[in-house]
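Start at 1 and go down the list; that is how both ligands and their atoms are numbered.
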Amino acid sequence: MIDIIEYPETDAQRYLDLMSPNAAGRLTKLAARLSGRNVIHINSTAYGGGVAEILHSAVPLSNALGVDTRRVVITPKEPRFFDVTKRIHNMLQGAEGRLSDDELAVYYGCLDDVADEVQRTGLSADIWFLHDPQLLPLGRLLNQCHAGARIWIVHIDLTQPNPWLMDELLPLTAAYDKLVCSLDAYVPARLPEGLEVQIAPPAIDPLTLKNSAMSPEQAAEITGALGIDASRPLVTQVSRFDIWKDPWGVIDAYRLARKTHPGLQLALLGLSQANDDPEGAQVVESVRDYAGGDRGIHLFFSPDGLPATNDEIVNALQTHSEVLVQKSTREGFGLTVSEGMWKGKPIIGGNVGGIRRQIVDGESGYLVDSADEAGKRIAQLLADPDLRATIGSNAKERVRQRFLIPRLLYDYLQAAQRACSASLQTGTG
Ligand code: UDP
């Protein structure tokens, strides 16, 4: 019901070297203040999706800086749990409807079981980070049996949540010492009095296989081995197959751009379906139908039989493509956007949520409101190599300054430190 994920040691200095001396000094000083404290992060999937990606880097780095940090993943036995939490995710992003009593019972019941398991295994921490709505009810349950400050981190776009669901879930935040959101705009109205909020935009790890510099030759080789013609222009969207990522809109945009660039190809890469996302298979089917046998469209939805690892393929396609797209219609914060920008590529993003903070329109990428606009931007960028180079280089610089993992870890440790002092003061810890 819960797994503890082990990580090999990492070298903190490599990350500190990426930072300005001031920022590196602040991070090491803050970590030193937290040494002797135990931190646990809990989320609902070991791999697939942005949260897993962040924790995969932030947890080892935190340890390397001397803060004892563990990562726990819940593995509920009840198969309907992830159907319900995916509905919750969609509803928090605006989908209509209500959960049935049965669905609520599955949600709360599974987290009761997780809390029992936490207690049985004697897991304890000074600071608990519980990620996303999948874990929200656990804060209250930890209250009953465990000391420690509790922080709820919500990574999703909460600007237009389903009001019925907000009424159901918001009272659960009262069990927390702190709430962390990706953007100011996502902080829910009507929070329980006294609940502190911190903003921490997500970030990427520049030192992973996925994000470190790949030579154009290697990128072309992997691209070719995937069955894509590496000598013709390529547009790529890297994303789980998910309704909010609008893969159909990406296909429309590609079709429009192909009118002026007939050799154009499109890759839609969604290998890392998270195991907390049961809708993926239906979306794949629908997108396959929509692509209608077009040989210029390459869909990748399973890692089986591919010539390289997931991370190498993401890196190769982002490095090799002329233009990247993230045409989401909701996006708390798109790690794929920062990953693409870090490769020095122009990216066209949906004008929504966190993407609006990541891309400065016309400077470090383009923001679009429709497939039509996306298609026109693709065509414009394909026709102008200098524009691609300028936008790409601005994009990389923007990520360097704002969206790399040491900064996010600093934000998390700051939240931990503040929550710890708050819980000691109020006696909840
Ligand atoms: N990803 C991947 N392989 C894929 C598709 C996605 O590794 O085939 C990764 C992607 O590189 C990124 C994460 O999954 O690190 C997706 O995070 P994002 O914040 O963009 O979206 P989410 O899936 O969390 O909604």
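Residue Leu269 touches ligand 1 through backbone and side chain together, judged by heavy-atom distances below 4.0 Å. Only the backbone of Phe333 comes within 4.0 Å of ligand 1, counting heavy atoms alone; no side-chain atom from C-beta on gets that close. Within the 4.0 Å heavy-atom criterion, the part of Glu339 lying near ligand 1 is the side chain and not the backbone. In Val337, neither the side chain nor the backbone holds a heavy atom less than 4.0 Å from any atom of ligand 1. Only the side chain of Lys245 comes within contact range of ligand 1, with a heavy atom under 4.0 Å; no backbone atom does.
Here Arg71 does not pair with Asp3 in a salt bridge; the nearest charged N to carboxylate O distance is not below 4.0 Å. Ion pairing between a basic and an acidic side chain is recognised when a charged N comes within 4.0 Å of a carboxylate O; Lys210 and Glu53 show such pairing. Under a 4.0 Å N-O distance rule, the pair Asp112/Arg140 does not qualify as a salt bridge. Ionic pairing of Asp177 and Arg418 is not present here: no N-O contact between side-chain nitrogen and carboxylate oxygen is shorter than 4.0 angstrom. Taking a cutoff of 4.0 Å between a charged side-chain nitrogen and a carboxylate oxygen, Asp384 and Arg388 do not qualify as a salt bridge. Ion pair Glu397/Arg400 flagged as a salt bridge, since at least one NZ, NE, NH1 or NH2 atom sits closer than 4.0 Å to an Asp/Glu carboxylate oxygen.
Within a 6.0 Å sphere centred on CD of Gln282, heavy atoms belonging to other residues, nucleotides or ligands number 12 at most. Other residues, nucleotides and ligands place more than 12 heavy atoms under 6.0 Å from the CZ atom of Arg232.
In terms of polar-atom proximity, Thr336 is counted as a contact of ligand 1, with an N or O under 3.5 Å from an N or O of the ligand. By the 3.5 Å distance cut-off applied to N or O atoms, Leu271 is counted among the residues near ligand 1. Polar contact with ligand 1: absent for Gly334 (N/O pair, distance under 3.5 Å). For the pair Ser239 and ligand 1, the shortest N or O to N or O distance does not fall below 3.5 Å.
Phe300 is not listed as a side-chain neighbour of Leu268, based on a closest heavy-atom distance of 4.5 Å or more.
A tilted orientation is assigned to the rings of Tyr412 and His41, their planes being inclined by 30° to 60°. Ring geometry for His56 against Tyr7 counts as perpendicular: the plane angle is over 60°, on a 0 to 90° scale with 30° as the lower cut.
Considering only non-hydrogen protein atoms, atom 6 (C) of ligand 1 sits nearest to Ser272 OG, 3.4 Å. Scanning the protein for heavy atoms near atom 9 (C) of ligand 1, the closest one is Lys210 NZ, 3.4 Å. Remark: minimum distance from atom 19 (O) of ligand 1 to any protein heavy atom is reached at Leu335 N, 2.9 Å. Here the protein heavy atom with the shortest distance to atom 16 (C) of ligand 1 is Gly50 N, 3.7 Å. Looking only at heavy atoms of the protein, atom 23 (O) of ligand 1 is closest to Arg240 NE, 2.7 Å. In terms of protein heavy-atom proximity, atom 3 (N) of ligand 1 is nearest to Asn310 OD1, 2.8 Å.
The ligand atoms of ligand 1 that sit less than 4.0 angstrom from a heavy atom of Val314 are 2 (C), 3 (N), 7 (O). In summary, the atoms of ligand 1 found under 4.0 Å from a heavy atom of Gly270, numbered by their order in the structure, are 8 (O).
Closest to atom 13 (C) of ligand 1 by heavy atom, among Ser302, Gly332, Gly49, is Gly49.
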